[in-house]
There are 2 protein chains.
Amino acid sequence: MTLRLTTWNINSVRLRIDQVARYVSESGTDVLLLQEIKCTDDQFPVRAFEDMGLPHLKIGGQKGWHGVAIASRLPLEEAPNLGLCREGHARCVSATVKGVEIQNFYIPAGGDLPDRALNPKFDHKMDFYERLTAHIERRDPDARLLLAGDFNIAPGEFDVWNHRYMLKIVSHTPVEIETLTRLQQAGRFSDVIRDAFPDPEKLASWWSYRAQDFRKSNRGLRLDHIWTSPGLTPAVVPGSARIHEPVRAWERPSDHAPVSVDLDV
Amino acid sequence: MTLRLTTWNINSVRLRIDQVARYVSESGTDVLLLQEIKCTDDQFPVRAFEDMGLPHLKIGGQKGWHGVAIASRLPLEEAPNLGLCREGHARCVSATVKGVEIQNFYIPAGGDLPDRALNPKFDHKMDFYERLTAHIERRDPDARLLLAGDFNIAPGEFDVWNHRYMLKIVSHTPVEIETLTRLQQAGRFSDVIRDAFPDPEKLASWWSYRAQDFRKSNRGLRLDHIWTSPGLTPAVVPGSARIHEPVRAWERPSDHAPVSVDLDV
DNA sequence: GCGTAAATCG
DNA sequence: CGATTTACGC
């Protein structure tokens, strides 16, 4: 069977529950990974997810900020929670579906100054990546593993609107790109979106709220990723990867667009 | 001609501008006195008032809190602003329509403790009433004068849901009732709502947001008043006074209902 | 409960 | 810009 999987930084799941339902219906998503749900487990709109056909839930919520969740049409089995956040934020949630281990992350943004000594938020971001890389180094590369979420790094020259300018801005600094590359190499992960739309095609999944018209200002970044392990990559359905940019133009949207892929499992 | 006049504590005129338009249209109001507009003069939705046929405006706004306004179908002439608020809040606005001087007040609520020495908010409320009474004592009783607004006092036994209980609660304490009575006697004002619905009929114009169902809990207070001077009282159209309680049951309502009367001017 | 505000974050 | 938080008033 084919599993359609989406990752989406929703920026408040309660505020945008109708958009989630619309997206799930229009896209035919079977497994939805959410970041920035901004609510506790208690406050999560369980009924709405049942109504949209994704009744199987793993919720990693907390009060107000951050928060991640997995909602699925198929039953979810357990997977190890990696607990990578040293600040205790709800930034990791995991589940196993059809033998595929899914790790959903909301990786810290890292503040403005790209200096670990001067900016604790940047240090926290790097620390999160280092812990994740250390974990991946200990794992069986043949396992069917998927990492996805808001990674808050746009790695490639064509993942940012202006490479030279962005090299000094957190999300595209050389040290971040090296850190992300180290993680990717540690697990020999495939970046399913970039593989489907090779360089030099410009791609983005996030556009700031600050622009009047996000398409006109055209300053997007590709921060949201779906990565597959060598054991899982053969299951990726060729030509199925998508960034759902039109969703960013809906009324009162999240600043992130959903990103999806189909897996033959 | 007959002038239909309404006073309404709107609790944010911007948030409830559609309800204002609906009320004005359904009630046929010609002169609308608003309290708690919660915006500056700049932020006041002038166009919406033009569209609802009340283009003549006197706005006493301020940032965020309080704020009063008069909106009229007929042109407004000047009237003295009484400037009764020692704290500089926007709580008084006035205008003259068809020779009737209208004074619209949002009188301080007064906090929880009914003690002038211990509670500066209560002192402020009493001070406001004393200044207003002192002003009225200096005035010609034959003038056509109307006082209206949110007075934040429910004077009579049948203006509260439980007289004995409420005697200890700010809005119905003996010292407040005496203070209000002193003002009323100073100007020999008629209370047009109570005159139209004499004791022992229970009346209310405000119900707390805290109750689930304001009608079921039935703990209303009559805080909103329209008073006419001896020179104006003969103009009150008999049987025209109304408390528009159904408005309190609209979607996301103000906690106050509109109160209206017709004047033959 | 339901409005404001200011500060914080992204 | 737009989502939180806390504090406050009624």
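A note on names: the letters A, B, ... follow the listed sequences, proteins ahead of strands, and every chain is numbered from 1. All values reported here derive from a predicted model rather than from experimental measurement.
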Quiz item: Can you find a side chain N or O atom of A/Lys121 that sits less than 4.0 Å from OP1 or OP2 on C/dC9?
Solution: yes

Exercise. Please state whether the phosphate of C/dG3, meaning OP1 or OP2, lies under 4.0 angstrom from any side-chain nitrogen or oxygen of B/Arg252.
Key: yes

Quiz prompt | For atom NE2 of B/His256 and atom C1' of C/dG1, their distance in whole Å | solution = 13 Å

Quiz item: Nearest-Å distance, NE2 (A/His89) to C1' (C/dT8)?
Solution: 13 Å

Quiz item: Considering heavy-atom distances to DNA chain D, does A/Tyr209 or A/Trp65 have its closest nucleotide positioned more toward the 5' end?
Solution: A/Tyr209

Self-check item: Chi angles and distances behind the side chain to side chain contact (heavy atoms under 4.5 Å, CB included) call for A/Leu82, A/Phe105
Solution: CA-CA 10 Å; A/Leu82 304 188; A/Phe105 302 118; 3.9 Å; yes

Quiz item: C/dA5 P sits how many Å from B/Asn11 CG, rounded?
Solution: 12 Å

Self-check item: Atom pair distance, as rounded to whole Å: CD in B/Gln19 and P in C/dG3
Solution: 9 Å

Self-check item: Separation of C/dG3 P from B/Ile37 CD1 (nearest whole Å)
Solution: 16 Å

Quiz prompt | Interatomic distance, A/Glu36 CD vs D/dT4 C1' [rounded to whole Å] | solution = 10 Å

Quiz item: Looking only at side-chain N and O atoms, does B/Ser12 come under 4.0 Å of OP1 or OP2 in C/dT4?
Solution: yes

Practice problem: State whether a side-chain donor-acceptor pair under 3.5 Å links A/Tyr209 with A/Asn11. | Solution: yes

Practice problem: Give one of base, sugar-phosphate or nothing for A/Phe214, where a contact means two heavy atoms less than 4.0 Å apart. | Solution: nothing

Practice problem: Kindly assign one of parallel, tilted or perpendicular to the pair B/His163 and B/His172, based on the angle between their ring planes and the thresholds 30° and 60°. | Solution: perpendicular

Quiz item: Which residue, A/Arg16 or B/Asp150, contacts DNA chain D at a nucleotide closer to its 5' end, judged by nearest heavy atom?
Solution: A/Arg16

Quiz item: Within less than 4.0 Å of OP1 or OP2 of D/dA3, is there a side-chain N or O belonging to A/Lys63?
Solution: no

Quiz prompt | Note: A/Arg131-A/Asp127 ion pair, threshold 4.0 Å (strictly below) | solution = yes

Exercise. Measure the distance from CG on A/Asn119 to P on C/dC9 and round it to the nearest whole Å.
Key: 10 Å

Practice problem: Using the six-membered ring wherever Trp is involved, compare the ring planes of A/Phe128 and A/His124 and label them parallel, tilted or perpendicular (cut-offs 30° and 60°). | Solution: perpendicular

Practice problem: Take atom NZ of A/Lys38 and atom P of D/dA3, then tell me their distance rounded to the nearest Å. | Solution: 8 Å

